[in-house]
Amino acid sequence: MVTSAYWVESHQVSKTAPTGEYLTVGSFMIRGRKNFLPASSLEMGLGVLFRLGDDASIARHANDRRDFALLEQEQMMAQEDEMQQKDEILPETDGYDSESNGEGEDEDDKPH
């Protein structure tokens, strides 16, 4: 992924919009010149990890984060188990009906 980045000085950044304009929540206004860096390949990412310190906060946030890959895998395994249970309930057939010739013999066993 190629991205363009720029830098500005702290006095150029503001959370207030000029008169007659509106900034959405979480937006910033950049005033002045942006100093663009050369385009480069993204080689590093950033992650944030929050740690819950006490039992009360752990209980409040018990269902906030779920591993969707793990949930999908568990769901697929449950469906496979359900299919296996259905297969065990149904009688297995080998495609041969012993009552079709009246005596339970194979047609190949009869003299020709």
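The basis for the numbers below is simple: all heavy atoms, side chains too, and nothing from hydrogens, waters or symmetry mates.
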### Query
Can you list the residues that meet the side chain to side chain contact (heavy atoms under 4.5 Å, CB included) rule with Asp54, with sequence neighbours excluded?
Ala56, Ser57

#### Entry: Closest heavy-atom pair and its distance - Ser14, Leu23
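That would be O-CD1, 4.4 Å.
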
### Val8 to Lys34 - nearest heavy-atom pair and separation
CG1-CA, 4.1 Å

Determine whether more than 12 heavy atoms belonging to other residues, nucleotides or ligands lie under 6.0 Å from atom [atom1] of [X].
{"X": "Tyr6", "atom1": "OH", "value": "no"}
{"X": "Arg31", "atom1": "CZ", "value": "yes"}
{"X": "Glu72", "atom1": "CD", "value": "no"}

#### Entry: Main-chain N/O of Glu9 paired with Gln12 side-chain donor or acceptor, under 3.5 Å
yes

### Query
Are Met29 and Trp7 in one and the same hydrophobic cluster, where Ile, Leu, Val, Met, Phe, Trp and Tyr link if side-chain heavy atoms are under 4.5 Å apart?
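No, no single cluster joins them.
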
### Task
Say whether Leu37 and Val13 are linked into one hydrophobic cluster, either directly or through other cluster members, by side-chain heavy-atom distances under 4.5 angstrom.
no

### Query
What distance separates Lys86 NZ from Asp81 CG, expressed to the nearest 0.5 Å?
12.5 Å

